[in-house]
Amino acid sequence: MRNTAIILILLMTFTSAIAQKSAIQTEILGSWTLVSVENINSDGKINLPYGLNPKGILFFDEKGNYAIEIYKNERAKIISDDKNKCTPEENASIVQGSNSHFGKYEVDADNNAIIFKITTASFPNWEGTIQKRAYSFVNNELKYVVTNTTQGEKSITAEVVWKKL
């Protein structure tokens, strides 16, 4: 009888853990719109690399695929109307005013982390990397922390906030 009780308790604990992981996985699925991106220096100074009202979209599907696009809200038009004939300043504006990547993801519910397995990225240095980002859910918003930013400095972290569509 005692062994049966122990097995029942273990089964209930295991089932509860699976249900919790499944709820988090379901909660993250779907489309998200960008709320903010804040880069935070080691001295606490905040920089907004995509401006006050950045635009962006994030998708997570049930098969473990994701895609992210982030843009500055205000970007200058290309004078020539041909992206292959941009001036160096226009090219810099395009590169610095956007960030996108896609690939596979996993949710590590035990450690509140999303693991991005980046296949392709607008920042080529990220391609083929695996990035673990601590996350939280508050008021229908997903917030995660990027410790390996596109700025290349390890002293900068980014807090990215998304709102569920």
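All values below were derived from every heavy atom in this structure, side-chain atoms included, with hydrogens, water molecules and symmetry-related copies excluded. Keep in mind the model is a prediction, meaning the values are calculated, not measured.
For the ring pair (Phe, Tyr, Trp, His ring centres under 6.0 Å) with Phe60, the lone residue among Tyr135, Tyr105, Tyr144, Trp162 that qualifies is Tyr105.
Put simply, CG on Asp81 and SG on Cys86 are 10.0 Å apart, with the number rounded to the nearest 0.5 Å. The structure places CD of Glu106 at 8.0 Å from CD1 of Ile130, a figure rounded to the nearest 0.5 Å. The OG atom of Ser36 sits 6.5 Å away from atom CG of Leu34, with the distance rounded to the nearest 0.5 Å. Note: Ile115 CD1 to Asp108 CG = 5.0 Å, rounded to the nearest 0.5 Å. Note that CZ of Arg133 is 12.0 Å distant from OG1 of Thr157, once rounded to the nearest 0.5 Å. Between atom OG1 of residue Thr149 and atom CG of residue Asn39 there is a gap of 5.5 Å, rounded to the nearest 0.5 Å.
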Which atom pairs, one a donor and one an acceptor, fall under 3.5 Å between side chains of residues 67-76 and the rest of the protein, sequence neighbours left out?
from  : atom 1 : to    : atom 2 : distance (Å)
Glu69 : OE1    : Tyr71 : OH     : 2.8
Arg75 : NE     : Lys72 : O      : 3.4

What pairs of donor and acceptor atoms, side-chain ones from residues 48-55 against any protein atom, are under 3.5 angstrom apart with sequence neighbours left out?
none

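Residues Ile79 and Thr87 have side chains not in contact (no heavy-atom distance under 4.5 Å, counting atoms from C-beta outward). Residues Leu142 and Ile114 meet the side-chain proximity criterion, which asks for heavy atoms closer than 4.5 Å. Counting only heavy atoms from C-beta outward, the side chains of Thr119 and Glu127 never approach each other to under 4.5 Å. Residues Asn148 and Trp126 are in side-chain contact: their nearest non-hydrogen atoms beyond the backbone lie under 4.5 Å apart.
With no hydrogens or angles considered, no side-chain donor-acceptor pair links Glu38 and Asn47 at under 3.5 Å. Under the 3.5 Å distance criterion, with hydrogens and angles disregarded, no donor-acceptor pair is assigned to the side chains of Asn140 and Lys163.
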So Glu90 and Lys77, salt bridge (charged side-chain N to carboxylate O under 4.0 Å, His left out) or not? Walk me through it. CA-CA 8 Å; Glu90 289 171 332; Lys77 301 281 185 194; over 6 Å; no
Do Lys143 and Val160 pass the side-chain contact (heavy atoms from CB on, under 4.5 Å) test, and can you show the C-alpha distance, the side-chain angles, and the key distance before you say yes or no? CA-CA 6 Å; Lys143 176 172 132 179; Val160 184; over 6 Å; no
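A single hydrophobic cluster is not seen to contain both Leu58 and Leu165; linkage of ILVMFWY side chains at heavy-atom distances under 4.5 Å, directly or through other members, places them apart. At a threshold of 4.5 Å between side-chain heavy atoms, the hydrophobic network of Ile, Leu, Val, Met, Phe, Trp and Tyr places Val161 and Ile57 in two separate groups. Hydrophobic clustering (ILVMFWY, side-chain heavy atoms < 4.5 Å, transitive): Val107 and Leu29 are in one cluster. Each of Val95 and Val146 belongs to its own hydrophobic cluster when Ile, Leu, Val, Met, Phe, Trp and Tyr are linked at side-chain heavy-atom distances under 4.5 angstrom.
Without hydrogens or angle criteria, Asn91 side chain to Ile94 main chain gives no donor-acceptor distance under 3.5 Å. Asp43 places a side-chain N or O within donor-acceptor distance of the main-chain N or O of Lys45, the cut-off being under 3.5 Å. With hydrogens and angles disregarded, no donor-acceptor distance shorter than 3.5 Å links the side chain of Ser93 to the backbone of Glu89.
With salt bridges taken as basic N to acidic carboxylate O contacts below 4.0 Å, none links Lys164 and Glu141.
A search for ring pair (Phe, Tyr, Trp, His ring centres under 6.0 Å) contacts involving Tyr66 returns His101, Phe116, not counting sequence neighbours.
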